[in-house]
Chemist: 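I am attaching a structure below and will ask some questions about it afterwards.
Being a predicted model, the structure only gives us computed values, none of them experimental. Lettering follows sequence order; numbering is per chain, from 1.
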Amino acid sequence: MLDYNKLAEMLYPNVDKNINKYFQKYPSRNLLKDAVVTRFAPSPTGYLHIGGLFQCVTHEMLSKKPTSVFYLRLEDTDQKREIENAGDLLYDTILKFDIVPNEGYRGNRDDKGIYGPYVQSERLEIYQTFAKYLVAKGRAFPCFCEKCEDKEDIVAKREQEIENNNTTIDHDPCRKISLEEIEENLAMGKPFALRLLSKGNPNAIMEFDDLIKGKRKIRENGKDIVLIKNNGIPVYAFAHVVDDTLMGTTVIVRGEDWFQSVASHIELFRAFGFDEIPYLHTPNICKTEEGKKRKLSKRKDPEADCRFYIQDGYPVVAVKEYLLNLLNSDFEDWRRENPNKYYKEFPFAVEKINTGNPVFDIVKVNDVSKDYISRLSSKEVYQQLLAWAKEYDTEFAELLSKNPEYSMNVFDIERGGEKPRKDIYKWSMVREYYNYMFEDFSKLNINFKELINIDNELIYKILHTYIVLFEETLTKEEWFDRMKKMADKHGFCSDNKAYKANPEAYNGNLSAFCNLVRYAFTGKTNTPDLYSICCVLGKDELFNRLDVLKKKLK
RNA sequence: GGUCCCAUGGUCAAGCGGUUAAGACAUCGCCCUUUCACGGCGGUAACAGGGGUUCGAUUCCCCUUGGGACUACCA
């Protein structure tokens, strides 16, 4: 048996092993009943992943009760994978999704809250103290090996160990190292990794209660896992246990990929003598490829990058509502019954989260988004669209802000009422969709031959008559009556039965007539209500457009 | 390989021992209709397979199969 106090002093001569000062520095939180402290703890290894956003939505929904805390912690303990400014970028994207943690890391700005620092690389001193404490408790030991996995002889040594002892317990051979040997290594200035001295038995089963998976029987940990790397930086497990304890986390939300390691994390909590914190393992968002399901990959899948949705102009609420629906599938029922409520009012239930890994479906996102946008007022559409355009399509932003009232009138067409139009699902599609309302009309590609086979003179005559008879003060019915009369006068047929009986006798039916007018003034065969469009354009503009068309009709 | 997780239509999913097995998206058809939509109505489409337990299994247990994840001094 080693003298662990002595070992602790050897390993960490200038470090305080009194962890209590930290518990004094970071007092326990005053929480009201049902309040939770939850945290999002990404690594600065790239952009915000859709799975991260998925978790953020979970955090938002969990931390609604008064005094609850949702804080952000940056887990930058892997320098090899770290990407410069990724932390900033992450925070920036989180804010863009209108997710506002009320504590913690804030990118370029100072951390907020008294439990910091919230960036792990700034907490090394704390980790050293806790490491020394653990060594003194006899629950950790140094390992001077190079990376074991690279060294066949060490692996062989471990296997031999297992065989000799007739056990399956995979203790690290270095736990038998003598004080003398340690002293020698230290004197040579050899760096060491700190390992957990596991007392678990992987053949023994213990009970574990996951907040969404429920009660599970899992194997005890038996591995002497690395706690602190030989560069002095802790690994996830160690930092997680120390930080979440010190920061007063009450529920640990993390991806399901961590499920396998809970046994070791629990052992660490116990080794320290800390209270265990409940875990909630969320499913991973997948996609199907060649008939197989796989986790959405950062490298391969553009839709895994949350910035994709921002750039493409998906309203952030729509994306979050889609994710929320993945979490609690009765959300859409609630949404239908409460079309005007804010999504956070939804009675979220942890136990309703599905345990399987869902496949991400952009078509469904589109649908949720269409629905969301259809519920907005024209002013809200204008504001959100403009905000998007200012960042991603400045030319369009200028067109939009040239005349805000006009723009809002455009978006007001077929908006509101019982059955609002549901056509737009992302801001980036608006410019093309409404190009006839915002762009230079003379630049639109209009070719009547592609639409209808009647001569140009007649077309011109029809359009001219249309404008002359057009008045903004008409009701829709009156306008439509005029359309019928005009159609009949120009060789079209407003009586569908008569038309069907003898289509050869006419230039087309009423539908064709209306479509001709639509096409002439918009260049499209698919637009919202024609009369409303003409009203928004105004009679003068219609005449302007006819002038342009005149040349094409010569 | 080992360990763990998951398994209802194309997708998300209700269901938690007895149901004509919900609903949404997608898809198809019809209706409404001045186009396109929106909307309405309807259709196609599922309990992976095999054993148990039970009067009775989609539901509980086991096995198989399929898929996923973990298995780092990465998170």
Chemist: Runs of at least three consecutive Watson-Crick or G-U pairs, both distances under 3.5 Å, are what I'm after; which ones involve RNA chain B?
Modeler: B:1-7 with B:65-71, B:10-12 with B:23-25, B:27-31 with B:39-43, B:48-52 with B:60-64
Chemist: What's the gap between B:U54 and B:U59 when it is taken at their P atoms, as a whole Å value?
Modeler: 16 Å
Chemist: Check whether A:Arg254 reaches the backbone of A:Phe40 with its side chain - one donor and one acceptor, N or O, closer than 3.5 Å.
Modeler: no
Chemist: For the pair made of CD1 in A:Ile452 and C1' in B:U35, what is the distance, rounded to whole Å?
Modeler: 13 Å
Chemist: Strictly distance-based, threshold 3.5 Å: is any side-chain N or O of A:Ser43 a donor or acceptor partner for the main-chain N or O of A:Thr45?
Modeler: no
Chemist: Starting from P on B:C4, measure out to NZ on A:Lys295 and report it in whole angstrom.
Modeler: 20 Å
Chemist: So, A:Asn221 side chain and A:Gly200 main chain: donor-acceptor pair closer than 3.5 Å or not?
Modeler: no
Chemist: From the set B:A75, B:A13, B:C6, return the single nucleotide nearest to any side-chain atom of A:Asn354.
Modeler: B:A13
Chemist: Does the ring center of A:His265 lie less than 6.0 Å from the ring center of A:Tyr236?
Modeler: yes
Chemist: Could you tell me whether A:Trp258 and A:Tyr279 have their ring centroids closer than 6.0 angstrom?
Modeler: no
Chemist: Under 3.5 Å, is there a donor-acceptor pair between the A:Asp224 and A:His171 side chains?
Modeler: no
Chemist: Report the nucleotide, chosen from B:A13, B:U34, B:A75, that has the shortest atom-to-atom distance to any side-chain atom of A:Thr77.
Modeler: B:A75
Chemist: Quick check for you: among B:C25, B:C74, B:G23, whose closest atom lies nearest to any side-chain atom of A:Asp78?
Modeler: B:C74
Chemist: Could you state the atom-to-atom distance from CD of A:Glu477 to P of B:U33 in whole Å?
Modeler: 13 Å
Chemist: When the P atoms of B:G17 and B:C5 are considered, how many whole Å apart are they?
Modeler: 22 Å
Chemist: Starting at atom CD1 of A:Ile218, determine the distance to atom P of B:C70, rounded to an integer number of angstrom.
Modeler: 17 Å
Chemist: Looking at every strand, decide which applies to A:Phe480 at a 4.0 Å heavy-atom threshold: base, sugar-phosphate, or nothing.
Modeler: base
Chemist: Looking at B:G67, I'd like to know if its phosphate oxygens (OP1 or OP2) sit under 4.0 Å from a side-chain N or O belonging to A:Lys292.
Modeler: yes
Chemist: When the C1' atoms of B:A72 and B:G15 are compared, how many Å lie between them, rounded to an integer?
Modeler: 42 Å
Chemist: ring-ring contact (aromatic ring centres under 6.0 Å, His included) between A:Tyr506 and A:Phe492: does it pass, once the steps are laid out?
Modeler: CA-CA 5 Å; A:Tyr506 305 99; A:Phe492 287 77; 9.1 Å; no
Chemist: Looking at the side chain of A:Asp257, which of B:C73, B:A26, B:A69 is the nearest nucleotide?
Modeler: B:A69
Chemist: Looking only at side-chain N and O atoms, does A:Lys229 come under 4.0 Å of OP1 or OP2 in B:A75?
Modeler: yes
Chemist: Side chain of A:Trp479 only, heavy atoms from C-beta on: which candidate in B:U11, B:G23, B:U34 is closest?
Modeler: B:U34
Chemist: Between B:C70 atom C1' and A:Arg294 atom CZ, what is the distance in whole Å?
Modeler: 18 Å
Chemist: Once you measure the plane-to-plane angle for A:Tyr314 and A:Tyr425, does it fall in the parallel (<30°), tilted (30-60°) or perpendicular (>60°) bin?
Modeler: tilted
Chemist: Taking A:Lys370 for its side chain and A:Arg421 for its backbone only, find out whether a donor-acceptor pair lies under 3.5 Å.
Modeler: no
Chemist: Where each residue is assigned the nucleotide of RNA chain B containing its nearest heavy atom, which of A:Lys364 and A:Asn515 is assigned the position nearer the 5′ end?
Modeler: A:Lys364
Chemist: Where the side chain of A:Asn357 is concerned, which of B:G68, B:U11, B:C25 is the nearest nucleotide?
Modeler: B:G68
Chemist: With a distance cut-off below 6.0 Å to the six-membered ring centre and an angular limit of 45° from the axis, does A:Lys320 pair with A:Tyr343 as a cation-pi contact?
Modeler: no
Chemist: Mind checking the P distance from B:C12 to B:C47? Whole angstroms is fine.
Modeler: 16 Å
Chemist: I want to verify a distance call: between B:A14, B:C74, B:C5, whose nearest atom is closest to the A:Arg216 side chain?
Modeler: B:C5
Chemist: With rounding to the closest Å, how many angstrom separate the C1' atoms on B:A22 and B:G39?
Modeler: 22 Å
Chemist: Select one nucleotide: of B:C73, B:U11, B:A14, the one nearest the side-chain heavy atoms of A:Asp361.
Modeler: B:U11
Chemist: Does a side-chain N or O from A:Lys352 land closer than 4.0 Å to OP1 or OP2 of B:A13, or not?
Modeler: no
Chemist: How far, in whole Å, is B:U64 from B:G1 if one measures between their P atoms?
Modeler: 13 Å
Chemist: For A:Pro234, report the nucleic acid contact type (base, sugar-phosphate, nothing); a contact means any heavy atom under 4.0 Å.
Modeler: sugar-phosphate
Chemist: As a test of understanding, state which of A:Phe448, A:Phe513, A:Tyr436 forms a ring pair (Phe, Tyr, Trp, His ring centres under 6.0 Å) with A:Tyr519.
Modeler: A:Phe448
Chemist: Could you run down nucleotides 36-43 of chain B 5' to 3' and tag each one B, S or - for protein heavy-atom contact under 4.0 Å?
Modeler: BBSS----
Chemist: Rounded to whole angstrom units, what separation is found between the CD1 atom of A:Ile285 and the C1' atom of B:G67?
Modeler: 18 Å
Chemist: Among B:U35, B:C74, B:A24, find the nucleotide with the atom closest to the side chain of A:Lys80.
Modeler: B:C74
Chemist: Between the base of B:U3 and the side chain of A:Gln260, is there any donor-acceptor pair under 3.5 Å?
Modeler: yes
Chemist: Measure up the A:Tyr322 and A:Phe360 rings against each other and bin them: parallel (under 30°), tilted (30 to 60°), perpendicular (over 60°).
Modeler: perpendicular
Chemist: Roughly how many Å is it from CD in A:Glu256 to C1' in B:C4, rounded to a whole number?
Modeler: 9 Å
Chemist: Look at the side chain of A:Arg81 and decide which nucleotide, out of B:A75, B:U35, B:A13, has an atom nearest to it.
Modeler: B:A75
Chemist: So what does A:Lys213 touch, heavy atoms closer than 4.0 Å: a base, only the sugar-phosphate, or nothing?
Modeler: sugar-phosphate
Chemist: Quantified in whole Å, what is the C1' atom distance between nucleotide B:A13 and nucleotide B:C30?
Modeler: 28 Å
Chemist: Between B:U8 and B:U58, how many Å separate the two C1' atoms, rounded to a whole number?
Modeler: 7 Å
Chemist: Figure out the CG/C1' separation between A:Leu227 and B:C74, and round it to whole Å.
Modeler: 15 Å
Chemist: Assuming nearest nucleotide by heavy-atom distance, tell me which of A:Thr288 and A:Gly356 is located more 5' along RNA chain B.
Modeler: A:Gly356
